[in-house]
Amino acid sequence: MAEVAIRKPALSGLLAGSATVRLTVAPVASRLALRAPAESVSALSSALGLTLPTLPKTSGRAGGRSALWLGPDEWLVIDEAGSDLPALLSGADVLHSAVDVSHRNVGIIASGPGAETTLSAGCPQDLSLEIFRVGACSRTIFGKVEIVLFRTEEDTFRVECWRSFSDYVFGLLAEGAEDASH
């Protein structure tokens with residue numbers, strides 16, 4: 001009988017944090033890099049079942065699906081239920097580019113009263129609640145790595161990074177969590 005290889009997600013089972021922040025690996029999700037002109041946004045929003053945001057640093061959410069604005073014609077769509085996002089868009093007869101990046105990215109959740117301080121250890125953006133409100137998102141840097149940062153709740157952030165950088169990002173977040181507790 002042949003052995004069956006079981007693919008383990010990056011960072012599988014890792015937990016870290018401190019007294020003020022908890023770091024966990026986000027559950028496996030479907031992700032789509034979506035590009036489209038303004039005239040396609042309405043039809044694509046209908047196909048995805050949520051409103052694609054058109055303002056900088058904003059997001060749209062419906063159920064477990066989020067669309068994060070990354071540029072004037074660019075979004076990262078994350079579906080926590082693992083839906084086949086390209087299939088949802090197959091009926092949208094409008095100009096767009098949709099690339100499944102589910103296996104490229106890893107999500108890390110930073111939650112708790114020290115989450116903002118933890119992220120500030122490596123991110124140059126002002127993450128204060130007054131500036132980076134719930135629902136805000138941004139493509140930015142964390143340490144030396146490009147990430148997509150999404151504030152899902154007042155004290156919770158989702159960090160999306162490429163799988164190849166996930167160990168580095170998780171380690172830097174863990175260091176930031178330790179600093180946040182002092």
Side-chain angles (χ1 to χ4, degrees), residues 9-34 45 48-72 74-83 85 101-102 105-162 165-166 168-182:
L11 306 177
S12 182
L14 280 182
L15 295 172
S18 66
T20 62
V21 66
R22 177 179 163 94
L23 302 175
T24 57
V25 179
V28 175
S30 299
R31 295 173 182 87
L32 191 72
L34 180 62
S45 293
L48 289 168
L50 56 70
T51 300
L52 290 173
T54 56
L55 296 175
K57 295 188 176 183
T58 61
S59 63
R61 289 185 93 172
R65 187 173 299 151
S66 302
L68 314 180
W69 185 96
L70 299 181
E74 183 179 7
W75 300 266
L76 174 64
V77 181
I78 303 169
D79 188 295
E80 295 168 358
S83 299
L85 296 171
V101 294
S102 301
N105 283 25
V106 173
I108 302 168
I109 307 298
S111 60
E116 184 181 309
T117 303
T118 296
L119 284 155
S120 292
C123 181
Q125 285 196 33
D126 181 350
L127 299 177
S128 65
L129 192 55
E130 299 78 35
I131 303 296
F132 203 80
R133 295 183 170 98
V134 174
C137 60
S138 175
R139 181 171 22 219
T140 186
I141 59 169
F142 186 71
K144 300 182 216 177
V145 178
E146 180 182 297
I147 64 167
V148 173
L149 186 59
F150 177 31
R151 186 176 218 143
T152 59
E153 295 174 36
E154 195 168 303
D155 65 352
T156 304
F157 295 83
R158 182 183 186 106
V159 177
E160 287 281 320
C161 66
W162 285 21
F165 298 120
S166 62
Y168 170 81
V169 171
F170 196 88
L172 190 53
L173 281 167
E175 286 181 29
E178 285 298 316
D179 292 344
S181 69
H182 297 295

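By the side-chain contact (heavy atoms from CB on, under 4.5 Å) test, Leu129 is found to be paired with Val134, Arg151, Glu154, residues two or more places apart in sequence or in another chain being considered. Considering only residues two or more places apart in sequence or on other chains, Ala26 meets the side-chain contact (heavy atoms from CB on, under 4.5 Å) condition with Ile109, Arg158. Under the side-chain contact (heavy atoms from CB on, under 4.5 Å) criterion, Ser30 pairs with Asp79, Leu85, Ser102, not counting sequence neighbours. Thr24 pairs by the side chain to side chain donor-acceptor pair (under 3.5 Å) definition with nothing, not counting sequence neighbours. Qualifying side chain to side chain donor-acceptor pair (under 3.5 Å) partners for Ser59, counting only residues two or more places apart in sequence or in other chains: none. By the side-chain contact (heavy atoms from CB on, under 4.5 Å) test, Leu50 pairs with Leu48, Leu52, Ala62, Arg65, Ala67, sequence neighbours left out. By the side chain to side chain donor-acceptor pair (under 3.5 Å) test, Arg31 pairs with Glu160, sequence neighbours left out. Residues passing the salt bridge (Lys or Arg N to Asp or Glu O under 4.0 Å) test with Glu178, sequence neighbours excluded: none. Applying the salt bridge (Lys or Arg N to Asp or Glu O under 4.0 Å) criterion to Asp155, with sequence neighbours excluded, gives no partner residue.
Put simply, the side chain of Trp69 reaches to within 4.5 Å of the side chain of Trp75, judged on heavy atoms. Put simply, the side chain of Leu149 reaches to within 4.5 Å of the side chain of Phe132, judged on heavy atoms. Under the 4.5 Å side-chain criterion, counting only non-hydrogen atoms from C-beta, Phe142 is in contact with Leu172. The closest side-chain heavy-atom distance from Val106 to Val169 is not below 4.5 Å.
Here the closest heavy-atom approach between residue Leu127 and residue Phe157 is recorded as O-CZ, 4.4 Å.
Here salt bridge (charged side-chain N to carboxylate O under 4.0 Å, His left out) pairs that include residues 122-134, with residues two or more places apart or in two chains, number zero. Residue pairs meeting the side chain to side chain donor-acceptor pair (under 3.5 Å) criterion with at least one member in residues 138-148, sequence neighbours excluded, are Glu74-Arg139, Gln125-Ser138, Gln125-Thr140.
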Working for side chain to side chain contact (heavy atoms under 4.5 Å, CB included), residues Thr118 and Thr20: CA-CA 9 Å; Thr118 296; Thr20 62; 5.6 Å; no
Criterion side chain to side chain contact (heavy atoms under 4.5 Å, CB included) on Ile147 and Ile108, from CA distance to verdict: CA-CA 11 Å; Ile147 64 167; Ile108 302 168; over 6 Å; no
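Within the 3.5 Å criterion, the main-chain N or O of Ala177 finds a donor-acceptor partner in the side chain of Ser18.
Remark: Leu173 CG to Cys123 SG distance equals 10.0 Å, nearest 0.5 Å. Phe150 CZ to Leu76 CG: the interatomic distance, rounded to the nearest 0.5 Å, is 9.5 Å.
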